[in-house]
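Just below is one structure, and these are the notes that go with it.
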Amino acid sequence: MAVPKRDAVLAAAQEAAREAAVAIAETGTVGEHVGFVMDEDRVGTHYFDCTAVAYPGWRWAITVTRPPRGRAALISETHLVAGDDALLSPQWVPYAERLAPGDVGPGDVTPKIDDDPLLEGGFEATGEEDVDQVGFFELGLGRPRVLSAEGRDAAAQRWYDGEHGPETDIARKAPAPCSSCGFFVPMAGALRSVFGVCANEWSPSDGSVVSLNHGCGAHSEVDMERSEPEHIEPPVLDDNVLEIVES
């Protein structure tokens with residue numbers, strides 16, 4: 001693409017361009033002239049520093065033009081544009097991707113993700129009574145989608161690394177693991193070999209998914225050390241000593 005030939009009339013219109021910038025800018029925010037660029041034949045843009053505190057690195061861009069054989073520059077467009085070092089707002093992220101765990105409150109609804117890699121198609125009715133009974137009741141399915149292998153692995157890793165996994169302070173100091181506790185309820189399915197649910201109301205993990213090697217001080221089979229009660233001799237009364245009490 002051919003580079004437009006420099007236009008002397010437009011290049012010389014620096015002051016007119018500055019006046020156009022001052023007319024649209026907040027008072028005192030039009031700085032030094034930093035350049036002139038030809039955009040196409042008889043169209044060019046003057047750039048001025050923007051000195052507004054909120055717009056570091058931005059520039060006022062004033063585009064000027066002239067008709068064929070015209071001897072005066074005309075103001076075409078005025079803009080505030082970002083320079084190479086401009087402070088820019090973060091890239092827009094869709095609502096579904098901005099949500100974080102814990103953001104959903106009462107009444108909130110998360111957007112449906114049709115191609116979620118963490119889910120896959122669930123059991124579908126076949127019309128055969130015996131087969132469907134196993135699928136719906138014994139396997140607990142009958143849902144449009146269930147966890148995929150990727151979704152199951154992601155959940156397992158998140159739980160294992162979380163506050164109910166084996167690396168927390170309470171687990172490291174526990175006298176025994178959850179796997180040997182009577183309040184430990186194993187999970188069904190593929191996660192059974194690693195996780196269960198705590199059913200001990202005295203445990204800080206009550207009602208939560210815990211790993212087999214998690215633990216706490218409320219283990220059903222562990223007792224605290226009991227010290228022997230201190231033996232105190234009965235008091236000795238000395239009847240031969242007279243105590244004088246002043247009234």
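Both W58 and F48 belong to a common hydrophobic cluster when Ile, Leu, Val, Met, Phe, Trp and Tyr are linked at side-chain heavy-atom distances under 4.5 angstrom. Linking Ile, Leu, Val, Met, Phe, Trp and Tyr whenever their side-chain heavy atoms come within less than 4.5 Å leaves W159 and V210 in two separate clusters.
Residues D206 and N200 share a closest heavy-atom pair of CB-O, 3.0 Å. Nearest heavy atom pair, residue L212 against residue F195, reads CD1-N, 3.3 Å. Closest approach of A174 to C216, counting heavy atoms only: CB-N, 3.4 Å.
Not counting sequence neighbours, the partners of S205 by the side chain to side chain donor-acceptor pair (under 3.5 Å) test are H164, H214. Under the side chain to side chain donor-acceptor pair (under 3.5 Å) criterion, Y160 pairs with N213, sequence neighbours left out. Residues that satisfy the side chain to side chain donor-acceptor pair (under 3.5 Å) test with T45, not counting sequence neighbours, are D39, T63. Take D115 and apply the salt bridge (Lys or Arg N to Asp or Glu O under 4.0 Å) test, not counting sequence neighbours, and it matches no residue.
Members clustered with W202: none, using a 4.5 Å side-chain heavy-atom cutoff among hydrophobic residues. V43 shares a hydrophobic cluster with no other residue; no ILVMFWY side chain has heavy atoms under 4.5 Å from its own. Residue V93 is found outside any hydrophobic cluster, as its side-chain heavy atoms come under 4.5 Å of no other Ile, Leu, Val, Met, Phe, Trp or Tyr.
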Distance-only criterion, 3.5 Å: show the donor-acceptor pairs between side-chain atoms of residues 175-189 and protein atoms not counting sequence neighbours.
from, atom 1, to, atom 2, distance (Å)
S180, OG, P177, O, 3.1
S180, OG, H219, NE2, 2.9

List the atom pairs, donor and acceptor, that lie under 3.5 Å between side-chain atoms in residues 2-12 and the rest of the protein, sequence neighbours left out.
from, atom 1, to, atom 2, distance (Å)
D7, OD1, V9, N, 3.0
D7, OD1, L10, N, 3.2
D7, OD1, R66, NE, 3.3
D7, OD2, R66, NE, 2.8
D7, OD2, R66, NH2, 3.1

What side-chain donor-acceptor pairs closer than 3.5 Å can you find for residues 70-92, not counting sequence neighbours?
from, atom 1, to, atom 2, distance (Å)
E77, OE1, H79, NE2, 3.0

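To the nearest 0.5 angstrom, S211 atom OG is 12.0 Å from L191 atom CG. Between the OG atom in S203 and the CD1 atom in I170 there is a gap of 6.5 Å [rounded to 0.5 Å].
Between the side chain of R42 and the main chain of V64, no donor-acceptor pair closer than 3.5 Å is present.
Residues in residues 166-181 take part in these salt bridge (charged side-chain N to carboxylate O under 4.0 Å, His left out) pairs, two or more places apart or across chains: E167-R172, D169-R172. Listed by first and then second residue, the side-chain hydrogen bond (donor to acceptor under 3.5 Å, both in side chains) pairs that reach into residues 25-38 are H33-H46, sequence neighbours excluded.
Considering only heavy atoms from C-beta on, Q14 stays 4.5 Å or farther from F36 through its side chain.
In E163, the CD atom is not crowded: 12 or fewer heavy atoms of neighbouring residues, nucleotides or ligands sit closer than 6.0 Å.
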